[in-house]
Q: 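The structure follows.
Quantities reported herein were computed from a predicted structural model and do not represent experimental measurements. Chain identifiers are assigned alphabetically (A, B, ...) following the order of the sequence lines, protein sequences preceding nucleic acid strands; residue numbering begins at 1 within each chain.
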Amino acid sequence: MKFSASDQILAVITMHKERVGGSAPIFYVENFQELEKVALYLARIFMGAVHDLGNGVYIIVKH
Amino acid sequence: MMNYLFTIILASISGFFARLYMLRRDYRQYPSYPQGWAVHLFIGFIGALLGAVLVPSLMEKEFTAVSFLLMAASQFREVRNIERSTLEQMEPTELVARGTAYIEGIARVFEARNYLAIWTAFIVAITAELLRHQTQLLQIGVSLLTAAITAGLLNILMRGPSIEDIADIQMGDIEFDGPILVVGGVDVMNVGLSSTREIYRNRAVAAEIIPKDPDAKATLANIGQMQAIAHDVSAMVGVYMDVGEQEFTPLVRRDSDSGKLVLVMVPSDDAVDAFLEAISNVPVLESAVRKPLRSVAGRMIDGS
């Protein structure tokens, strides 16, 4: 049996420490370029999709 | 029974060729492997033999034999299970999934085609028996003609509608509302990375599939039908994606107001005409067809 964490937040990437919290792994980044880069890397690692919540917070979700 | 040998051979060969004719290789590339062909042709041949033997046993009033033959025919239900489990096993290996509804449709077609082979053999056997006092040449000629007509006719009757029969298809425009990909006014998905959005702006194609009537609207609302469109179009046009690149999965979304579907994908080659042509040729799944207009309530809603 293969388990996969689909439809869950696998990672949170943000520049704003005060806006995030909770149980998912959180990656803090310095600027927009780093945000995009880390998000892309994580998405490829998890084979998931990157979603932009519009407030400087990106999440990785596997669908 | 030797009297009937000629009829049986003629009918079972006709049924076999009817099955071969229906086992065309098309864009679905299924079954594209020689083993799959061997399996289906052999099962088709057994079916044809059953249909052929049915006529002599009826004429000899061997009703026990007839009952056994009918019992054997029920074995063809197994074909559907085989097809279904094969396709389900193969599903994780598809970049864009077929979806269970499409698999069910394919499995049903494979089962039905064996019955068509049985019908063809049966009808040819009847024809050959009716002409038994004519010359052998006439017997063969008319029987083969009947086989061709029967197989062709059954094949035409089995052909279901495709998307272009129930909907108008036109290109859709792609725009971004912040991270949200919007096609023809329908929100499709949240694309987080700006590099991905750039690829969508430059390479993606989108279409709007507008149902022609309330029946078509209800049919297109089926999730299995939506998945089948995504699968078939990407099978025909080719997708720009790799394993794990979920952003580039072709998506079909429905507009809740009008019932129209939008399809957006990043094709491997930029060919707009091929894209539209591919959509129009997607089959309408038998299990997705809905006919609300056949009900009083459905007509009341349509009239208002």
Q: Under a 4.5 Å heavy-atom cut-off, does chain B meet the side chain of A:F46, its backbone, both or neither?
A: neither
Q: Evaluate the salt bridge (charged side-chain N to carboxylate O under 4.0 Å, His left out) criterion for residues A:K62 and B:E247: first the C-alpha distance (whole Å), next the side-chain angles of each, then the deciding distance (0.1 Å), finally the verdict.
A: CA-CA 10 Å; A:K62 191 180 174 76; B:E247 294 96 329; over 6 Å; no
Q: Within a 6.0 Å radius of atom CD on B:Q170, are there more than 12 heavy atoms belonging to other residues, nucleotides or ligands?
A: yes
Q: Please examine the side chains of B:E245 and A:M47, heavy atoms only from C-beta on, and report whether any two atoms are closer than 4.5 Å.
A: no
Q: Between A:E36 and B:S194, is there a donor-acceptor pair closer than 3.5 Å when you use the side chain of the first and the backbone of the second?
A: yes
Q: Among A:L35, A:V50, A:L53, which has the most heavy-atom pairs under 4.5 Å with chain B?
A: A:V50
Q: Stepwise, does the side chain to side chain contact (heavy atoms under 4.5 Å, CB included) test hold for A:D52 with B:N190?
A: CA-CA 7 Å; A:D52 178 359; B:N190 183 316; 3.9 Å; yes
Q: Taking everything shown except A:Y41 itself, do over 12 heavy atoms lie less than 6.0 Å from its OH?
A: no
Q: If you count heavy atoms of other groups shown closer than 6.0 angstrom to CD1 of B:I223, is the number above 12?
A: no
Q: Report the distance from atom NE2 of A:H51 to atom CD of B:Q246, rounding to the nearest 0.5 Å.
A: 8.0 Å
Q: For B:F176, look at atom CZ and say whether over 12 heavy atoms of other residues, nucleotides or ligands are found less than 6.0 Å away.
A: yes
